[in-house]
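Read the structure below first, then the notes.
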Number of protein chains: 2
Amino acid sequence: MKVNFKNKSALDQFKLEKYKRGLKTSKKRSYIVQYFLAADRHYSIEELYDELRAEHPRIGYSTVYRTMKLLTECGLASERNFADGVARFEPIHRTHHHDHLICTGCGKIIEFTNRNIERLQQTIARKYKFVTASHKLELYGLCAACQKKKRKNS
Amino acid sequence: MKVNFKNKSALDQFKLEKYKRGLKTSKKRSYIVQYFLAADRHYSIEELYDELRAEHPRIGYSTVYRTMKLLTECGLASERNFADGVARFEPIHRTHHHDHLICTGCGKIIEFTNRNIERLQQTIARKYKFVTASHKLELYGLCAACQKKKRKNS
DNA sequence: GTGAAAATGAAAGTCAATTTCAAAAATAAG
DNA sequence: CTTATTTTTGAAATTGACTTTCATTTTCAC
Ligand SMILES: [Mn+2]
Ligand SMILES: [Mn+2]
Ligand SMILES: [Zn+2]
Ligand SMILES: [Zn+2]
């Protein structure tokens with residue numbers, strides 16, 4: 001049976017994926033999925049775990065970890081590895097590639113897309129006869145607020 | 001005393017840095033430095049350690065590790081963190097920023113620079129009022145050889 | 001040479017990520 | 001509604017790359 005995801009919500013899509021894998025539905029996992037997908041952040045497991053525990057103190061770290069991995073496999077989350085060495089996950093609401101500006105002062109993350117950069121990347125790949133599968137573009141620096149803060153303290 | 005590095009070899013520069021820090025010269029460290037700087041690769045500690053041991057079996061992992069950190073502090077090496085989760089070091093022969101194309105099949109790494117991309121990055125940073133300190137641009141895919149290999153096996 | 005100071009390396013410690021496994025929860029079968 | 005089967009859970013153990021420790025060895029200034 002072919003499945004049309006076009007009219008499915010992300011959560012439904014997740015249930016469907018689970019069904020196809022012979023998974024069972026659990027209260028805790030559903031809560032994690034719903035909470036994560038509703039947010040619009042780049043969560044580390046730890047951060048997500050801490051927030052979830054406020055409401056659901058019996059959720060374990062492993063469950064959060066495994067749920068994020070599941071969502072990533074299902075294509076509902078994307079795992080990001082920025083320079084701080086902690087994996088972060090963001091929901092994929094509508095497939096829509098983007099790159100990141102990251103403030104090394106406060107951790108603020110801004111997303112951007114730039115068609116010209118993407119094009120130039122392809123030109124480079126072609127030049128070296130590579131077929132690219134993915135790329136990573138991250139700009140690290142200080143956001144406006146952190147620049148101001150820094151000026152004050154010096 | 002101000003030091004002019006312009007006419008110094010990288011190794012001399014290293015000795016100078018060591019001197020300024022009150023370090024002593026050791027046979028093993030010198031060998032590691034000389035071997036590493038002569039190569040033109042992106043070495044992981046492990047890889048470098050294994051190669052060095054072929055000639056100098058008494059060199060320890062810690063010494064290789066510490067020497068690479070030293071070189072990085074001295075500005076003679078640059079630490080890179082690609083997607084495989086293992087830190088790599090490359091000599092900085094002439095200060096010269098570049099980005100990387102990485103083959104996920106064989107590990108081959110190609111360096112490139114692109115002024116237009118750099119410029120566009122600055123435009124983006126400006127747009128969001130960021131002051132960037134560094135950036136990371138990595139293109140992952142298959143090199144020509146690995147594409148061929150893949151076609152054969154399918 | 002001698003002694004103070006730095007370098008070394010085996011082993012231990014870190015830290016996030018990942019796996020294990022016995023108990024709990026969900027679902028299928030009766 | 002039971003009972004049986006399968007999946008899920010979480011505390012604890014393990015992993016793997018990195019980093020530090022500390023007793024011993026090497027370097028080097030005198
Ligand atoms: Mn994002
Ligand atoms: Mn390079
Ligand atoms: Zn900031
Ligand atoms: Zn290749």
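Note on naming: letters A, B, ... go to the chains in the order of the sequence lines (proteins, then strands), and numbering restarts at 1 for each one. What's counted below: heavy atoms across the whole structure, side chains too, no hydrogens, waters or symmetry copies.
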Does B:R21 have more than 12 heavy atoms from other residues, nucleotides or ligands lying within 6.0 Å of its CZ?
yes
Counting only side-chain nitrogens and oxygens, does B:K18 get under 4.0 Å of the OP1 or OP2 atom of C:dA7?
no
Does a side-chain N or O of B:K69 approach OP1 or OP2 of D:dT19 to a distance below 4.0 Å, or not?
yes
Taking atom P of C:dT27 as reference, at what distance in whole Å does atom CG of A:L23 sit?
11 Å
Numerically ordered, the residues 45-55 of chain B set in heavy-atom contact under 4.0 Å with DNA chain D is none
Nearest nucleotide by nearest heavy atom, which residue falls closer to the 5' end of DNA chain D, B:N81 or A:R66?
A:R66
A:R58 has an atom CZ; how far is it from atom P of D:dT8, in whole Å?
21 Å
Residues 127-146 of chain B vs salt bridge (Lys or Arg N to Asp or Glu O under 4.0 Å), sequence neighbours excluded, gives B:K136-B:E138
Tell me: NZ of B:K27 to C1' of D:dT25, nearest whole Å?
14 Å
Measure the distance from CD1 on B:I59 to P on C:dA10 and round it to the nearest whole Å.
12 Å
Identify, between B:K24 and B:S30, the residue whose nearest nucleotide on DNA chain C lies closer to the 5' end.
B:K24
Who passes salt bridge (Lys or Arg N to Asp or Glu O under 4.0 Å) against A:K149, sequence neighbours left out?
none
So which pairs with a foot in residues 105-126 of chain A pass salt bridge (Lys or Arg N to Asp or Glu O under 4.0 Å), sequence neighbours left out?
none
Please give, in whole Å, the distance from C:dT8 C1' to B:H56 NE2?
14 Å
Pair B:F89 and B:Y43, ring centroids less than 6.0 Å apart:
no
Check whether any side-chain nitrogen or oxygen of B:Y61 sits under 4.0 Å from OP1 or OP2 of C:dT8, and answer yes or no.
no
Which residues pass the salt bridge (Lys or Arg N to Asp or Glu O under 4.0 Å) test with B:E46, not counting sequence neighbours?
none
Side-chain N,O (B:S62) to OP1/OP2 (C:dA10) below 4.0 Å:
no
For the pair made of NZ in A:K20 and C1' in D:dT7, what is the distance, rounded to whole Å?
19 Å
d(CG, A:L70; C1', D:dT9) in whole Å:
13 Å
Taking 4.0 Å as the cut-off, does a side-chain nitrogen or oxygen of A:S26 come that near to OP1 or OP2 on D:dT9?
yes
Between B:Y65 and D:dC18, is there a side-chain N or O to OP1/OP2 distance below 4.0 Å?
no
Nearest whole Å is fine: how far is C:dG9 P from B:I32 CD1?
8 Å
Side-chain N or O of A:R29 closer than 4.0 Å to phosphate OP1/OP2 of D:dT8:
yes
Do any pairs count as a side chain to side chain donor-acceptor pair (under 3.5 Å) and have a residue in residues 26-37 of chain B, sequence neighbours left out, and if so which ones?
B:Y35-B:E51
Among C:dT27, C:dA6, C:dT8, which is the nearest nucleotide to the side chain of B:T63?
C:dT8
Check every strand shown and say whether A:S44 touches a base, only sugar-phosphate, or nothing at a heavy-atom separation below 4.0 Å.
nothing
Do the rings of A:H96 and A:H98 sit parallel, tilted or perpendicular, given the 30° and 60° boundaries?
tilted
Given D:dG10, is OP1 or OP2 found less than 4.0 Å from the side-chain N or O atoms of A:K28?
yes
